[in-house]
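Comments concern the structure below.
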Amino acid sequence: QVELVERGGGSVQAGGSLTLSCEASGYTLRYCMGWFRQVPGKEREGVAVISGGDGYAYHADSVKGRFTISLDNAKNTLYLQMNSLKPEDTAMYYCAADSELRACGRVQTVTLLDYRGQGTQVTVSS
C-alpha cells in the first residue's frame with residue numbers, strides 16, 4: 001500500500017523559507033512525482049514536478065527561482081524548498097506520485113497523479 005506523508009508546513013512571514021518533505025512508503029521514487037497546492041474555492045495549482053528516473057524537474061512560473069523540488073532516493077523522500085515566500089503562496093500543499101512510467105514534463109500534470117498525501121498547510125503573512 002502506497003502512503004505519502006507530508007511534513008514541514010507552518011506559518012512564516014513574507015520573505016521567509018520553509019522546506020516541505022514527503023516521505024513515501026510502499027513506493028519507489030522512480031516515476032513522476034511532484035507538489036501541487038490548493039486554496040479553498042480555487043482549482044489545484046501544480047507547483048513543481050520531477051522525474052524519478054532521470055531527475056528532470058519543472059517548476060511553475062509563479063514559483064520559479066524561489067522554490068526547488070528535489071528527491072532523495074536513499075531516504076525515499078521528496079522535498080520542496082521554498083524561499084522568498086509570498087502571501088499568495090498560502091495554501092494546502094500536497095505531494096503526489098504516479099503509479100507507472102508516463103510523461104513528466106508538464107507541471108500541471110502533478111494534479112492528476114495517482115497517489116497523493118494528506119497535505120500540509122503553509123501560511124505566509126505580510
With a 4.5 Å limit on heavy-atom distance, are the side chains of [X] and [Y] in contact?
X     : Y     : value
Leu85 : Phe67 : yes
Ser62 : Glu88 : no
Arg37 : Asp89 : yes

Does Gln108 reach the main-chain N or O of Ala60 with its side chain, forming a donor-acceptor pair under 3.5 Å?
-> no
Between the main-chain N or O of Gly65 and the side-chain N or O of His59, is there a donor-acceptor pair closer than 3.5 Å?
-> no
To the nearest 0.5 Å, what is the distance between [atom1] on [X] and [atom2] on [Y]?
X      : Y      : atom1 : atom2 : result
Asp72  : Glu23  : CG    : CD    : 10.5 Å
Met33  : Asp98  : CE    : CG    : 10.0 Å
Glu3   : Gln118 : CD    : CD    : 8.0 Å
Tyr93  : Cys22  : OH    : SG    : 15.0 Å
Thr120 : Leu80  : OG1   : CG    : 11.0 Å
Leu29  : Asn76  : CG    : CG    : 4.0 Å

Same hydrophobic cluster for [X] and [Y], using side-chain heavy-atom links shorter than 4.5 Å among ILVMFWY?
X      : Y     : value
Tyr79  : Leu71 : no
Ile50  : Tyr58 : no
Val122 : Leu78 : yes
Val110 : Leu20 : no
Met82  : Val12 : yes

Working for side chain to side chain contact (heavy atoms under 4.5 Å, CB included), residues Val49 and Thr109 | CA-CA 8 Å; Val49 67; Thr109 301; 5.6 Å; no
Contact summary for [X] and [Y], nearest pair of heavy atoms:
X     : Y      : answer
Cys32 : Leu113 : O-CD1, 3.6 Å
Thr90 : Gln121 : CG2-NE2, 4.0 Å
Tyr31 : Ser99  : CE1-O, 3.5 Å
Glu6  : Gly117 : OE2-CA, 3.2 Å
Ser17 : Gln81  : CB-NE2, 4.1 Å
Val39 : Ala91  : CG2-CB, 3.8 Å

For Thr111 and Glu43, test the side chains for any donor-to-acceptor distance below 3.5 angstrom and give the result as yes or no.
->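 No, Glu43 and Thr111 have no side-chain donor paired with an acceptor closer than 3.5 Å.
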Applying side chain to side chain contact (heavy atoms under 4.5 Å, CB included), run through Val2 and Asp114 and close with a yes or a no.
-> CA-CA 10 Å; Val2 175; Asp114 297 317; over 6 Å; no
Could I get the full list of ring-ring contact (aromatic ring centres under 6.0 Å, His included) partners for Phe36, not counting sequence neighbours?
-> Tyr94
